[in-house]
A.B. asks: 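First, the structure itself, so that you have it in front of you.
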Amino acid sequence: MTTRRPTGFTLVELLVVITVIGILIALLLPAVQSARESARRMQCANNVKQVVLAVHLCHEAFGVMPPLGGAAGNNFVAKGKFAGQQGSIMFFLLPFEEKENLFRLGADIGNYPAMADAMHMQISTYVCPSETSTGGKGQFTNTYGTWGTSNYGANYRVFGNTAETPPKNWEGAADFASIRDGTSNTLFFAERFGLCGGYPDGGSPYPYHGNGSLHSFPPTWGWAWCALFAYADINDNTAPGTGQEGWDQMFQLDAYPWQTVCDPTKAQSPHHGIMNVGMGDGSVRGLSGSISHEIWHALLTPRGGEVPPGGGTAVVFGGGGVFVVGGG
């Protein structure tokens, strides 16, 4: 008489299978998360590239790059191709981002309901999918309304007028010929958090500022609201009275948006260990947090002479970019 063994798994075998599956998931999950973040960072890099290309299209159409904002009352641009318009550099770039209708809506001066509709719009090109401070919405709401934000800031040293006092310094009206170091060696845009600073105060000198993408009026609202970085007045003071001085302060990595350590006077990256930047020639580079202050300073200056002809020290940084720093 033979005894048939029951078919199926024993309890011990089932537990072993579950344990093996759990170990495999634990091993694979970091790789999946890393792949997702790589895809998000690639999208973020593509966005900043599109913003720089919009500057090129603007320059091709008008012969100048857009100003950071207006110098006249209520942020109206006082001169040049954008005279009489009101807004920020990100707003002026909308027609070159295939957002002509939105630009016309926001440019309807005096029609405040229409302008409000434009001010709160999410601009997908201006939102980095890795950035979490606005929950991926590219908007934030306070007691004054709902505002669109930007995860990319313009380099004040390129788009502003460092020879003028506020508010005239917002109207740089620079052209490519004025970038004497070369567009491939000059940084135009870097990443920023949509919201940055302690909430509601937390000891931060800039309580919970939103980096407004459209109608963030520099002279009227205070520059820390604006989509820019490396700002300084004519005396190179970044933010008088706050202790935050030095326009070429290094960018921040791994700074949580709502912590007081998040400083809106600087560029910030939502990516671990790397900052996406858009160079003036339309290329995108990934800067490692370990690059020297000398290189960062040189990248920010469009006319600093840090790229001498025929010579220098080659410094390699993240993303495959090579920057040449002069030897004296």
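On a predicted model such as this, the values are computed, not experimentally measured, just so you know. For the single chain, residues carry numbers from 1 onward in sequence order.
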A.B. asks: For Tyr126, enumerate each residue passing the side chain to side chain donor-acceptor pair (under 3.5 Å) test, keeping only those at least two apart in sequence or located in another chain.
C.D. replies: none
A.B. asks: Closest approach of Pro67 and Gly172, non-hydrogen atoms and distance?
C.D. replies: CB-N, 4.4 Å
A.B. asks: Ignoring hydrogens, what is the shortest heavy-atom contact between Gly278 and Val48? Give both atom names and the distance.
C.D. replies: N-CG2, 3.9 Å
A.B. asks: How close do Ala154 and Leu68 get, heavy atom to heavy atom, and via which atoms?
C.D. replies: CB-CD2, 3.9 Å
A.B. asks: So, the side chain of Ser269 versus the backbone of Leu253: is there a donor-acceptor pair under 3.5 Å, distance only?
C.D. replies: no
A.B. asks: Can you tell if the side chain of Val77 reaches within under 4.5 Å of the side chain of Glu171, non-hydrogen atoms only?
C.D. replies: yes
A.B. asks: State whether the side chain of Glu131 and the backbone N or O of Ser133 hold a donor-acceptor pair below 3.5 Å, judged by distance alone.
C.D. replies: yes
A.B. asks: Please name all residues satisfying side-chain contact (heavy atoms from CB on, under 4.5 Å) with Val158, sequence neighbours left out, ordered by chain then number.
C.D. replies: Met65, Asn155, Ile179, Thr186, Phe188, Pro302
A.B. asks: Any side-chain heavy-atom pair from Asp248 and His293 closer than 4.5 angstrom?
C.D. replies: yes
A.B. asks: Taking side-chain contact (heavy atoms from CB on, under 4.5 Å) as the definition, give me every residue that meets it alongside Thr162, ordered by chain and number, with sequence neighbours left out.
C.D. replies: Tyr156, Arg157
A.B. asks: Could you pull out all residues at least two apart from Ile18 that satisfy side-chain contact (heavy atoms from CB on, under 4.5 Å)?
C.D. replies: Leu14
A.B. asks: Rounded to the nearest 0.5 Å, what separates atom CH2 in Trp247 from atom NE2 in His297?
C.D. replies: 4.0 Å
A.B. asks: Sequence neighbours excluded, which residues qualify as salt bridge (Lys or Arg N to Asp or Glu O under 4.0 Å) partners of Glu98?
C.D. replies: none
A.B. asks: Test of understanding: with side chain to side chain donor-acceptor pair (under 3.5 Å), list the residues that count as partners of Asn101, not counting sequence neighbours.
C.D. replies: none
A.B. asks: List in chain and number order the residues that pass side chain to side chain donor-acceptor pair (under 3.5 Å) with Ser178, two or more places apart in sequence or in another chain; answer none if no residue qualifies.
C.D. replies: none
A.B. asks: Indicate if Met90 and Met121 have the same hydrophobic cluster label, given that clusters are the connected sets of ILVMFWY residues with side-chain heavy-atom separations under 4.5 angstrom.
C.D. replies: yes
A.B. asks: Where do Ala190 and Met275 come nearest, in terms of heavy atoms and distance?
C.D. replies: CB-SD, 4.2 Å
A.B. asks: Hydrophobic clusters here meaning ILVMFWY residues chained together by side-chain heavy-atom distances under 4.5 Å, can you tell me if Val51 and Leu94 are in one?
C.D. replies: yes
A.B. asks: Say you draw a straight line from NZ of Lys49 to OG of Ser283; how long is it, rounded to the nearest 0.5 Å?
C.D. replies: 7.0 Å
A.B. asks: Got a list of side-chain donor-acceptor pairs under 3.5 Å for residues 54-64, not counting sequence neighbours?
C.D. replies:
residue, atom, partner, partner atom, Å
His56, NE2, Gly280, O, 2.6
His59, NE2, Phe176, N, 3.1

A.B. asks: Compare every heavy atom of Ser130 with every heavy atom of Arg40, then report the nearest pair and how far apart it is.
C.D. replies: CB-OG, 3.2 Å
A.B. asks: Group every Ile, Leu, Val, Met, Phe, Trp and Tyr by side-chain heavy-atom contacts under 4.5 Å, then state whether Val284 and Val127 land in the same group.
C.D. replies: no
A.B. asks: In Å and rounded to the nearest 0.5 Å, what is the OG to CH2 distance from Ser292 to Trp296?
C.D. replies: 12.0 Å
A.B. asks: Going by the rule ring pair (Phe, Tyr, Trp, His ring centres under 6.0 Å), which residues pair with His271 if we only count those two or more places apart in sequence or in a different chain?
C.D. replies: none
A.B. asks: If you measure from CD1 on Ile291 to CG on Leu287, what distance do you get to the nearest 0.5 Å?
C.D. replies: 4.5 Å
A.B. asks: Is the shortest heavy-atom distance from the side chain of Leu228 to the side chain of Trp170 under 4.5 Å?
C.D. replies: yes
A.B. asks: A side-chain contact here means heavy atoms from C-beta on lying under 4.5 Å apart; do Pro66 and Leu93 qualify?
C.D. replies: yes
A.B. asks: Using side-chain heavy atoms (C-beta onward) and a distance below 4.5 Å, is Lys266 in contact with Phe251?
C.D. replies: no
A.B. asks: What distance separates Thr149 OG1 from Tyr152 OH, expressed to the nearest 0.5 Å?
C.D. replies: 11.0 Å
A.B. asks: For Phe189, give me all partners under ring pair (Phe, Tyr, Trp, His ring centres under 6.0 Å), at least two apart in sequence or on another chain.
C.D. replies: Phe159
A.B. asks: Closest approach of Gln50 and Glu97, non-hydrogen atoms and distance?
C.D. replies: O-OE2, 3.4 Å
A.B. asks: Just jot down the salt bridge (Lys or Arg N to Asp or Glu O under 4.0 Å) partners of Arg180, sequence neighbours excluded, or say none.
C.D. replies: none
A.B. asks: List for me each residue that meets side chain to side chain donor-acceptor pair (under 3.5 Å) alongside Gln43, sequence neighbours excluded, and say none if there are none.
C.D. replies: Asn47
A.B. asks: Measure the CD-SG distance between Glu191 and Cys44 for me, rounded to the nearest 0.5 Å.
C.D. replies: 4.0 Å
